[in-house]
Amino acid sequence: MIERPYDGCGKCLLGVRRLSRVKAATSSPERQREDVLTAAASVGGHIIGWADDWEVSGATDPMTRPKLGPWLRDERGPYDGLVAAAVDRLGRNVVDCLNTGYKMRDEGKLLVTYGHEGPWDLDDQADENRFTMEAWGAQMELRAIQRRNRSATIKTRAAGRPKGKPSYGFQFVRRVMGGKIDHVELHPHASTVIRLVARRILADPEHNTPSSEAARLNRAGELAPADHLAVMYGKPARGRPWHPTSLKNILLSEAALGYLMHNGKPVIDQDGHPVRLCEGLWDWTTHEALKRALTPRPTPWKGRRSNRSYLLTEVALCGQCHHRLFTQTSADAPPRYVCTVRNKGWLSAQYCRPAPLIRAHLLEEYVSVPAELRRWRDIRDRLRPRQWGAATHRRSAGHEGAATARPRGRPVRRG
């Protein structure tokens with residue numbers, strides 16, 4: 001059987017597949033699977049798992065790819081090598097491909113691709129040159145794709161037409177599926193959601209903030225902008241939450257006025273006016289009111305704060321919801337680690353009650369003390385004071401034979 005778990009045979013290979021854009025009509029995943037299985041069988045190996053990076057650009061470093069990255073960082077368990085349908089499935093950058101190849105060579109692992117006889121031997125000059133040329137060809141193809149996309153984007157923007165992804169609250173309308181964008185219009189549901197958020201903030205900016213509104217949207221189960229966009233294009237939602245920063249950016253962006261945007265600013269036509277794609281979510285007066293309501297208020301300066309990260313930053317996790325703990329500081333209390341995920345309205349933490357809170361120095365001291373010393377401290381704390389004192393006295397008496405104990409009773413007077 002070509003697919004089976006890791007057995008230590010020395011040829012337990014990881015199948016690598018990648019595709020920049022996944023469409024319903026594409027057959028690339030199936031073709032890549034067949035090529036990977038054929039290449040693995042040609043060297044007498046078997047597949048222990050798949051690192052499938054869909055919707056991942058070839059320009060992404062393999063070490064940071066969502067599926068392949070953890071394997072390369074040795075976070076997913078043992079494996080004996082990689083097998084891919086082609087060198088460009090590893091990446092479309094010469095440096096990234098060579099780094100991955102040399103990593104396999106230095107660790108004594110196999111690197112196999114379909115169409116190459118046997119594993120790649122980067123210690124052989126001919127194999128190294130061929131591998132480099134195939135990676136170079138993949139990089140040249142990537143540069144050509146990027147150049148074409150950049151040119152098409154410039155021409156589309158000059159013509160006053162949108163390209164890319166619609167802003168939250170809007171949707172692109174095409175006359176035929178997969179055709180060019182005909183016009184832009186408001187999304188019936190998303191526009192209602194974001195307009196309600198704007199009205200609530202303007203009605204009471206002291207109590208309704210981007211943080212509280214993001215938490216409300218999370219509790220209500222509203223799709224975050226990334227998930228909303230994915231569902232619009234027929235892809236499954238991943239359950240990503242609303243974040244206050246992204247919500248604030250949507251409210252303050254001039255894209256909400258219906259303008260064509262580039263680098264965060266409206267595109268200006270030949271007459272010096274912003275190019276408008278459709279009606280906006282609100283008018284300019286509301287936009288200015290949102291800017292005033294969401295502008296950070298001046299706070300008194302209380303001295304220079306240290307910008308060092310705490311010992312357990314991004315390391316300490318909540319024992320109930322398993323999300324990371326954040327640090328909180330205030331003028332009247334020492335720093336502390338606290339779980340704030342439930343307050344943000346995340347559905348995955350709705351049962352995190354009570355949310356843990358611990359002084360930062362206590363937790364950092366606990367993890368800094370060696371395990372053996374922590375064990376003795378726990379034993380000491382469990383024993384009653386009298387028992388601990390007797391045990392300590394007996395231990396000292398055993399080491400220093402001359403030690404004696406004074407009988408309990410009235411204190412001895414001197415002089």
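These numbers were taken from a predicted model, which means no experiment stands behind them.
- Expressed to the nearest 0.5 Å, how far OG of Ser20 lies from CD1 of Ile145 amounts to 7.0 Å.
- Screening Ile201, Leu202, Thr209 for a side chain to side chain contact (heavy atoms under 4.5 Å, CB included) with Leu294, the sole residue that qualifies is Ile201.
- Taking OG1 of Thr100 as the reference point, atom CG of Leu68 lies at 7.0 Å (rounded to 0.5 Å).
- Annotation: side chain of Val36 is not in contact with side chain of Tyr114 (no heavy-atom distance under 4.5 Å).
- A heavy-atom distance below 4.5 Å is not found between the side chains of Leu19 and Val56.
- Separating the CZ atom in Arg200 from the OG atom in Ser212 is a distance of 7.0 Å, to the nearest 0.5 Å.
- Classification of Asp123 and Arg105 as a salt-bridged pair holds, one side-chain N sitting under 4.0 Å from a carboxylate O.
- Between Lys265 and Glu254 no salt bridge is recorded (no basic side-chain N to carboxylate O distance below 4.0 Å).
- A side-chain donor-acceptor contact under 3.5 Å links Glu364 and Tyr337.
- Within the 4.5 Å cutoff, side-chain heavy atoms of Pro266 are placed close to those of Met261.
- The existence of a salt bridge linking Asp182 and Arg175 is confirmed by a sub-4.0 Å separation between a basic side-chain nitrogen and an acidic carboxylate oxygen.
- Counting only distance, with no hydrogens or angles, the side chain of Thr153 and the backbone of Asn149 share a donor-acceptor pair below 3.5 Å.
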Run His189 and His228 through ring pair (Phe, Tyr, Trp, His ring centres under 6.0 Å) and show every step you take.
CA-CA 10 Å; His189 178 71; His228 169 74; 7.6 Å; no
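- Counted by atom type alone, Asp283 and Thr285 present zero donor-acceptor pairs between their side chains at under 3.5 Å.
- Side-chain atoms of Asp269 come within 3.5 Å of backbone atoms of His273 as a donor-acceptor pair (strictly under, hydrogens ignored).
- No donor-acceptor distance shorter than 3.5 angstrom exists from the side chain of His243 to the backbone of Ser246, with no hydrogens or angles considered.
- Side chain of Arg18 to main chain of Ala84: no donor-acceptor pair is present (N/O by atom type, distance under 3.5 Å, no hydrogens or angles).
- Between Ser167 and Ser253 the shortest side-chain heavy-atom distance does not fall below 4.5 Å.
- Each of Arg147, Arg148, Arg92 was evaluated against Glu141; a single residue qualifies, Arg92, per the salt bridge (charged side-chain N to carboxylate O under 4.0 Å, His left out) test.
- For the pair Gln328 (side chain) and Pro335 (backbone), a donor-acceptor distance under 3.5 Å is absent.
- Residue-environment remark: CZ (Arg359) stays at or below the threshold of 12 foreign heavy atoms within 6.0 Å.
- The backbone N or O of Ala237 lies less than 3.5 Å from no partner atom in the side chain of Asp227, so there is not a single donor-acceptor pair.
- The existence of a salt bridge linking Lys235 and Glu55 is confirmed by a sub-4.0 Å separation between a basic side-chain nitrogen and an acidic carboxylate oxygen.
- Distance alone, capped at 3.5 Å, is enough to place a donor-acceptor pair between the Lys103 side chain and the Leu72 backbone.
- Under 3.5 Å, the side chains of Trp242 and Glu213 contain no donor-acceptor pair of N or O atoms.
- Remark: Arg76 fails to qualify as a cation-pi partner of Tyr79 under the 6.0 Å distance and 45° angle criteria applied to the six-membered ring.
- Inspection of the Glu107 and Tyr102 side chains reveals no N or O donor paired with an N or O acceptor under 3.5 Å.
- Other residues, nucleotides and ligands contribute over 12 non-hydrogen atoms within 6.0 Å of the CD atom of Glu288.
- Under the 4.5 Å side-chain criterion, counting only non-hydrogen atoms from C-beta, Ile268 is not in contact with Val275.
- Side-chain contact between Trp282 and Leu290 is present, with heavy atoms from C-beta onward closer than 4.5 Å.
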Compile the donor-acceptor pairs under 3.5 Å between side chains in residues 39-47 and protein atoms, sequence neighbours left out, one pair per line.
{"from": "Ser42", "atom 1": "OG", "to": "Ala39", "atom 2": "O", "distance (Å)": "2.6"}
{"from": "His46", "atom 1": "ND1", "to": "Arg4", "atom 2": "O", "distance (Å)": "3.4"}
{"from": "His46", "atom 1": "NE2", "to": "Asp7", "atom 2": "OD1", "distance (Å)": "3.3"}

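- Under the salt bridge (charged side-chain N to carboxylate O under 4.0 Å, His left out) test applied with Arg17, the options Asp35, Asp52, Asp53 reduce to a single match, Asp52.
- Side-chain contact between Trp120 and Val87 is present, with heavy atoms from C-beta onward closer than 4.5 Å.
- A 4.5 Å side-chain heavy-atom check between Leu14 and Lys67 finds every atom pair outside the cut-off.
- Side-chain N or O atoms of Arg174 include one that pairs as donor or acceptor with a backbone N or O of Gly179 at under 3.5 Å.
- More than 12 non-hydrogen atoms from other residues, nucleotides or ligands lie less than 6.0 angstrom from OH of Tyr233.
- Proximity of a side-chain donor or acceptor of Thr295 to a complementary backbone N or O of Lys291 within less than 3.5 Å is detected.
- Of the possible donor and acceptor atoms, none in the side chain of Arg276 sits under 3.5 Å from a partner among the backbone N and O of Leu260.
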